[in-house]
Enquirer: 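Next up is a structure, given as structure tokens.
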Amino acid sequence: MTEASRIAAMTADDAVRLIDDLTTIVSRAAAATLLKPVDEVERRIKADQSPVTAADEASEAVILDGLGRLLPGLPVVAEESVGRAPAELGESFAVVDPLDGTKEFIAGRDEFTVNLAIVTHGVPIAGLIAAPAQGVIWRGVPGRFADRLRLAPGEPAEKAQERTALHVRIAPDTLKVAVSRSHLDPNSEAFLGRFAAVERYACGSSVKFCHIAEGKADLYPRLGPTSEWDIAAGCAILAAAGGIVTDPDGQPLRFGGGGKFLVPGFIAWGDRRRAALGR
């Protein structure tokens with residue numbers, strides 16, 4: 001990427017101005033995941049032994065095309081084409097997981113999501129998560145707003161049937177904890193053992209961040225290395241709703257550094273006060 005092709009660092013104000021256009025892109029990608037019945041969707045196993053389907057690839061193609069038209073010159077880190085990510089990301093870039101929860105998708109569950117985040121100076125400044133099978137999109141710009149749209153996949157943002165503001169809740173004595181159905185690791189188990197009372201529920205994909213953002217859950221720990229595209233959008237939405245996501249030591253997460261697009265693990269909280277006590 002040449003200096004001439006780089007766009008200026010995007011701000012929260014830019015994100016607010018563009019959020020409906022970004023929502024429409026994500027909505028179209030959500031529709032792309034639903035083009036065929038799941039049992040007819042082509043699938044294969046990647047080198048890292050994780051599954052990928054034609055739905056993942058169709059969703060990513062829609063997002064890349066949409067971003068290229070809306071924000072030409074914006075670098076993109078996308079899961080299924082990460083090998084083609086620019087070596088120099090610049091001040092702002094997009095992070096894309098075109099279908100998070102591929103195992104849930106293949107199993108016929110409705111938890112799989114489409115994720116898009118805008119990152120500036122290593123911090124997600126906007127996030128969008130669609131649950132195509134649920135007809136819902138969660139969005140957030142930290143410091144500005146967080147909301148949930150009831151939107152049929154493929155429809156533009158202005159066709160939303162329902163808009164609901166998102167707010168985290170004050171954590172109760174018994175924490176409601178979202179845990180991964182596929183990736184619950186021993187370190188996360190040990191972390192949960194520090195709390196006197198927790199109520200767990202298993203769920204796939206980044207939708208767990210959204211549950212915390214809308215006050216249905218309190219905590220989501222994953223204390224092992226995690227790809228940035230799995231969590232960037234969720235981090236932005238949760239922060240916009242009043243929550244916080246840190247690394248396992250309670251420090252801020254940074255995105256886009258090191259070239260591997262991994263974070264060392266994370267802890268997502270709704271109640272910031274309880275997060276401070278939890279550390």
Side-chain angles (χ1 to χ4, degrees), residues 10-20 22-23 26 95 100 113 115-131 134 136-150 160 162-179 191-192 195 197-201 203 205-222 226 228 230-255 263 265-279:
M10 293 181 63
T11 67
D13 288 341
D14 294 326
V16 170
R17 176 174 56 83
L18 294 166
I19 197 70
D20 280 352
L22 294 170
T23 299
V26 170
V95 182
D100 185 33
T113 59
N115 299 258
L116 170 60
I118 303 296
V119 174
T120 294
H121 298 145
V123 178
I125 65 164
L128 303 96
I129 294 177
Q134 299 177 35
V136 174
I137 295 181
W138 295 267
R139 319 182 298 177
V141 177
R144 299 295 192 272
F145 80 97
D147 65 9
R148 181 186 66 231
L149 305 184
R150 181 68 57 182
E162 178 184 308
R163 295 173 184 261
T164 305
L166 300 179
H167 304 285
V168 299
R169 70 179 184 179
I170 296 173
D173 291 337
T174 298
L175 297 173
K176 190 166 185 178
V177 181
V179 296
F191 174 76
L192 291 177
F195 299 97
V198 297
E199 175 189 348
R200 303 184 189 201
Y201 73 98
C203 184
S205 84
S206 60
V207 76
K208 295 185 282 296
F209 290 99
C210 304
H211 291 174
I212 300 174
E214 58 190 12
K216 293 181 178 178
D218 304 297
L219 173 63
Y220 168 30
R222 185 170 169 184
T226 306
E228 293 183 5
D230 288 326
I231 68 168
C235 288
I237 293 168
L238 184 51
I244 189 171
V245 186
T246 70
D247 74 10
D249 296 321
Q251 298 302 308
L253 292 172
R254 305 291 294 183
F255 292 78
V263 298
F266 64 87
I267 304 170
W269 285 93
D271 187 338
R272 287 173 173 257
R273 179 192 60 84
R274 191 64 185 271
L277 294 174
R279 291 199 292 271

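Values below: every heavy atom of this structure, side chains too, minus hydrogens, waters and symmetry copies.
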Enquirer: I'd like to know whether Asp271 forms a side chain to side chain contact (heavy atoms under 4.5 Å, CB included) with Arg169, so could you lay out the CA-CA distance, the side-chain angles of the two residues, the decisive distance to 0.1 Å, and finally the verdict.
Expert: CA-CA 6 Å; Asp271 187 338; Arg169 70 179 184 179; over 6 Å; no

Enquirer: Rounded at 0.5 Å granularity, tell me how far CD1 in Ile244 sits from CZ in Arg272.
Expert: 4.5 Å

Enquirer: What verdict does the side chain to side chain contact (heavy atoms under 4.5 Å, CB included) test give for Asp247 and Val263, after you've listed the backbone C-alpha separation in whole Å, the side-chain angles of each residue and the deciding distance to 0.1 Å?
Expert: CA-CA 8 Å; Asp247 74 10; Val263 298; over 6 Å; no

Enquirer: Quick one, Leu128 and Thr23 - any side-chain contact, counting heavy atoms below 4.5 Å?
Expert: yes

Enquirer: Is any side-chain heavy atom of Val177 closer than 4.5 Å to a side-chain heavy atom of Phe195?
Expert: no

Enquirer: For Asp100 and Ser206, work out which heavy atoms get closest and say how close.
Expert: OD2-N, 2.8 Å

Enquirer: For a quick test of reading the model, state the closest non-hydrogen atom pair linking Arg139 to Asp20 and the distance between them.
Expert: NH1-OD1, 2.8 Å

Enquirer: Looking at Arg254 and His121, would you say the former's side chain and the latter's main chain have a donor-acceptor pair under 3.5 Å?
Expert: yes

Enquirer: Show, in sequence, the C-alpha distance, side-chain angles and deciding distance for Phe266 and Cys235, and conclude whether the side chain to side chain contact (heavy atoms under 4.5 Å, CB included) test is met.
Expert: CA-CA 10 Å; Phe266 64 87; Cys235 288; over 6 Å; no

Enquirer: Just so I know, are the side chains of Leu22 and Ile118 near enough to count as touching, which here means a heavy-atom distance under 4.5 Å?
Expert: yes

Enquirer: Any side-chain heavy atom of Trp269 sitting closer than 4.5 Å to one from Leu175?
Expert: yes

Enquirer: Check whether Thr113 reaches the backbone of Asn115 with its side chain - one donor and one acceptor, N or O, closer than 3.5 Å.
Expert: no

Enquirer: I'd like to know if the side chain of Thr120 and the backbone of Met10 have a donor-acceptor N/O pair within less than 3.5 Å.
Expert: yes

Enquirer: Answer yes or no: is there a donor N or O on one side and an acceptor on the other, between the side chain of Asp249 and the main chain of Gln251, under 3.5 Å?
Expert: no

Enquirer: Given side chains that start at C-beta, do those of Tyr220 and Cys203 come closer than 4.5 Å, heavy atoms only?
Expert: no

Enquirer: Pro221 and Ala178: which non-hydrogen atoms are nearest, and at how many Å?
Expert: CD-O, 3.8 Å

Enquirer: Just by distance, do the side chain of Asp218 and the backbone of Lys176 share a donor-acceptor pair under 3.5 Å?
Expert: yes

Enquirer: Taking the side chain as every heavy atom from C-beta outward, state whether Leu219 and Arg274 have any pair of such atoms under 4.5 Å apart.
Expert: no

Enquirer: Is there a donor-acceptor contact under 3.5 Å linking the side chains of Thr11 and Asp14?
Expert: yes

Enquirer: Do the side chain of Arg150 and the main chain of Val136 share a donor and acceptor less than 3.5 angstrom apart?
Expert: no

Enquirer: Do Pro124 and Ile231 come within less than 4.5 Å of each other through their side chains, counting heavy atoms only?
Expert: no

Enquirer: Compare every heavy atom of Ala236 with every heavy atom of Gly127, then report the nearest pair and how far apart it is.
Expert: N-CB, 3.5 Å

Enquirer: For residues 209-216, which side-chain donor-acceptor pairs fall under 3.5 Å, sequence neighbours excluded?
Expert:
| residue | atom | partner | partner atom | Å |
| --- | --- | --- | --- | --- |
| His211 | ND1 | Tyr201 | OH | 2.7 |
| Glu214 | OE1 | Trp138 | NE1 | 3.0 |
| Glu214 | OE1 | Arg148 | NH1 | 2.7 |
| Glu214 | OE2 | Lys216 | NZ | 3.3 |

Enquirer: Which value, rounded to the nearest 0.5 Å, describes the distance between Ile125 atom CD1 and Arg144 atom CZ?
Expert: 9.5 Å

Enquirer: To the closest 0.5 Å, what do you measure between CG (Leu253) and OG1 (Thr226)?
Expert: 9.0 Å

Enquirer: If I compare all heavy atoms of Ala233 with all of Ile129, which pair ends up nearest, and what's the gap?
Expert: CB-CG1, 3.8 Å

